[in-house]
Amino acid sequence: MTFSNLLIQWYLRNKRDLPWRNTNNPYPIWLSEIMLQQTRVAQGMPYFLSFTTVFPTVFDLAKADEEQVLKLWQGLGYYSRARNLHKTAQHVADELSGVFPGTYKDLLKLKGIGEYTAAAIASFSYNEVVPVVDGNVFRVLSRYFDIETDIAAASAKKEFAALAFELMPKDNPAIFNQAIMEFGALQCVPKSPNCGICVFNESCAALQKNKVDRLPVKSKKLKVRNRFFNYLVVNDEQGNTVIQKRTDKGIWHNLYEFPLIETEKVEDFDCITERIQKEFFTNNGIISIMECNEKSIIHKLSHQHLHIKFWKVNIKGTIENGIDVVTLRTFPFPIVIHNFIEKDL
DNA sequence: AACGCGGGGAT
DNA sequence: ATCCCAGCGTT
């Protein structure tokens with residue numbers, strides 16, 4: 001029994017029924033692949049369902065404004081995916097008559113589509129013989145063949161792609177690509193895989209050498225930056241508040257937030273009060289300032305730890321550019337701000 | 001080649 | 001706490 005035969009046999013018995021697997025249409029396949037980049041199936045699923053409902057075709061997605069796309073993407077993270085998704089939808093709709101490029105090579109030219117996603121779409125939609133290399137493939141192949149190559153190295157992707165290409169049945173690349181990823185997601189999991197019931201437990205090199213838990217090898221660990229955000233939740237006599245768009249580079253680009261005072265460390269009531277008076281409401285329009293959360297909310301991103309405090313600022317009169325709470329809820333927010341609005345506002 | 005970019009689930 | 005998830009774009 002070959003590796004691919006055994007793998008595909010396992011897949012046919014164990015695969016999940018996922019909506020994007022019941023089609024060859026590149027549009028929903030593309031949508032699912034973008035959403036699932038660095039994202040678990042369970043987390044991406046509700047977003048896939050809402051996007052395909054609200055935007056049944058690439059033309060519907062192209063017609064939307066970016067703000068509506070970001071609102072629907074709210075909470076999924078890595079928001080550049082949503083911005084690129086929207087731009088690519090407009091490109092496909094306007095320049096390509098709604099028809100996705102038909103090859104791996106041409107798919108690769110689209111914004112937001114890299115080697116993995118191009119291979120996924122080309123194989124799933126067009127049955128092109130091109131291997132996918134994602135985190136699952138690195139793990140499965142590094143263990144089965146005992147490959148100690150650092151998967152963080154730039155050359156690793158080529159090495160594993162070449163191996164996967166040799167292994168894949170040239171008459172059915174789609175099922176092989178689906179199978180190896182599903183096998184990595186369900187059976188050959190990162191921690192404590194149940195090798196006792198694995199179909200490869202007599203041929204897996206890592207299992208034979210008792211080093212499953214040490215593969216794949218991955219170097220590179222990132223350092224985390226601490227940041228301190230103080231959000232001003234303004235409240236005027238109409239009950240209106242103020243939000244602004246994050247337009248600079250960095251996290252949450254093009255999402256909305258309350259007026260922000262970023263500090264170097266946790267600051268107390270007096271410090272923040274002084275800065276609010278000096279930088280925001282100089283003409284003494286402040287009625288009161290209240291600390292919404294005494295302890296900072298620590299919102300952990302993969303590369304930054306955000307220590308967040310919300311400050312309720314009650315002011316006299318009517319603020320310029322104020323918006324009511326109903327309108328407020330229609331804007332796309334980072335999930336930590338969204339949660340504050342829903343629970344504590 | 002290295003870094004920035006979200007949020008959440010599993011261990 | 002730590003790791004990792006159907007990665008990509010920028011520098």
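All chains are named by letter (A, B, ...) in the order of the sequence lines, taking the proteins before the strands, and each is independently numbered beginning at 1.
- A heavy atom closer than 4.0 Å to some atom of DNA chain B occurs in A:Pro334, A:Ile335, these being the qualifying members of residues 334-345 of chain A.
- Between A:Ala153 and A:Val189, the residue anchored closer to the 5' end of DNA chain B is A:Ala153, taking for each the nucleotide with the nearest heavy atom.
- Nearest-nucleotide assignment on DNA chain C puts the 5′-proximal partner with A:Val41, out of A:Gly112 and A:Val41.
- Looking at residues two or more places apart in sequence or on another chain, you find no salt bridge (charged side-chain N to carboxylate O under 4.0 Å, His left out) involving A:Glu67.
- Judged by distance alone, the side chain of A:Asn177 and the main-chain N or O of A:Ser123 form no donor-acceptor pair under 3.5 Å.
- With A:Glu182 as the fixed residue, the salt bridge (Lys or Arg N to Asp or Glu O under 4.0 Å) test singles out one of A:Lys15, A:Arg21, A:Arg13: A:Arg21.
- The nearest whole Å value for the distance from the CG atom in A:Leu186 to the C1' atom in B:dA10 is 14 Å.
- Taking every side-chain heavy atom of A:Gln178 into account, C:dA6 is the closest of C:dA6, C:dT10, B:dC5.
- Aromatic pair A:Tyr11/A:Phe183: ring centres not closer than 6.0 Å.
- Within residues 72-80 of chain A, the residues having any heavy atom under 4.0 Å from DNA chain B are, by residue number, A:Gly75, A:Leu76, A:Gly77, A:Tyr78, A:Tyr79.
- A salt bridge is defined here as a Lys NZ or Arg NE, NH1 or NH2 lying under 4.0 Å from an Asp or Glu carboxylate O, and A:Glu342 with A:Arg329 meets this definition.
- Using bins of under 30°, 30° to 60° and over 60° for the plane-to-plane angle, the ring pair A:Tyr27/A:Phe100 lands in the tilted bin.
- Separating the P atom of B:dG6 from that of C:dT11 is a span of 15 Å, rounded to the nearest Å.
- Dashed line: the shortest gap from a side-chain N or O of A:His303 to OP1 or OP2 of B:dG4 is not under 4.0 Å.
- Taking the ring centroids of A:Phe340 and A:Tyr231, they lie at or beyond the 6.0 Å cut-off.
- In the region residues 242-265 of chain A, proximity to DNA chain B at under 4.0 angstrom, judged on heavy atoms, holds for A:Gly250, A:Ile251, A:Trp252.
- In this structure, A:Gln43 places its CD atom 11 Å from P of B:dA10, rounding to the nearest Å.
- Across the protein-nucleic acid pair, A:Tyr104 atom OH and C:dA6 atom C1' stand 14 Å apart, rounded to whole Å.
- Within the structure, salt bridge (Lys or Arg N to Asp or Glu O under 4.0 Å) contacts touching residues 40-61 of chain A (residues at least two apart or in different chains) are A:Asp60-A:Lys63.
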Protein-nucleic acid N or O pairs under 3.5 Å, nucleotides 1-4 of chain C:
residue : atom : partner : partner atom : Å
C:dC4   : O2   : A:Arg40 : NH2          : 3.4

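- Looking at A:Glu66 and A:Arg83, no side-chain N of the basic residue comes within less than 4.0 Å of a carboxylate O on the acidic one, giving no salt bridge.
- In the model, A:Asn314 has a side-chain atom that pairs as donor or acceptor with a side-chain atom of A:Asn235 under 3.5 Å.
- When the C1' atom is used for both B:dG9 and C:dC8, the distance is 23 Å, rounded to whole Å.
- A:Thr23 places a side-chain N or O within 3.5 Å of a backbone atom of A:Asn25 that can act as its donor or acceptor partner.
- Contact between the side-chain N/O atoms of A:Gln304 and the OP1/OP2 oxygens of B:dC5 is found at a separation under 4.0 Å.
- A cation-pi geometry, defined here as NZ or CZ lying under 6.0 Å from the six-membered ring centre and within 45° of its normal, holds between A:Lys170 and A:Phe165.
- Judged by distance alone with a 3.5 Å cut-off, a donor-acceptor contact links the side chain of A:Thr39 to the base of B:dG6.
- A sub-4.0 Å separation between OP1 or OP2 of C:dC8 and a side-chain N or O of A:Thr117 is present.
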Note to self: side-chain hydrogen bond (donor to acceptor under 3.5 Å, both in side chains), that's the test. Do A:Ser219 and A:Asp150 meet it? Break it down for me.
What the structure shows: CA-CA 6 Å; A:Ser219 60; A:Asp150 180 358; 2.6 Å; yes
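- Both A:Leu18 and A:Leu110 lie close to DNA chain C; mapped to their nearest nucleotides by heavy-atom distance, the more 5′-ward contact belongs to A:Leu18.
- The distance between atom CD1 of A:Ile298 and atom C1' of B:dG6, rounded to the nearest whole Å, is 17 Å.
- Look at A:Glu148 and A:Lys211 and you find a salt bridge, because one of the NZ, NE, NH1 or NH2 atoms lies within 4.0 Å of a carboxylate O, short of that distance.
- For the pair A:Gln38 CD and B:dG9 P, the computed distance is 16 Å after rounding to whole Å.
- Comparing the same atom, P, in B:dC3 and in C:dA6 gives a spacing of 24 Å after rounding to whole Å.
- Rounded to a whole Å, the CG atom of A:Leu301 is 19 Å from the P atom of C:dC5.
- Note on A:Gln37: every side-chain N or O is 4.0 Å or more away from OP1 and OP2 of C:dG7.
- One atom, CZ of A:Phe333, and another, C1' of B:dG7, lie 18 Å apart when rounded to the nearest Å.
- Rounded to an integer number of Å, the gap from CZ of A:Arg81 to C1' of B:dG7 is 9 Å.
- Counting any heavy atom pair closer than 4.0 Å across all strands shown, A:Ala120 reaches no nucleic acid atom.
- Residues A:Trp252 and A:Tyr79 keep their aromatic ring centres 6.0 Å or farther apart.
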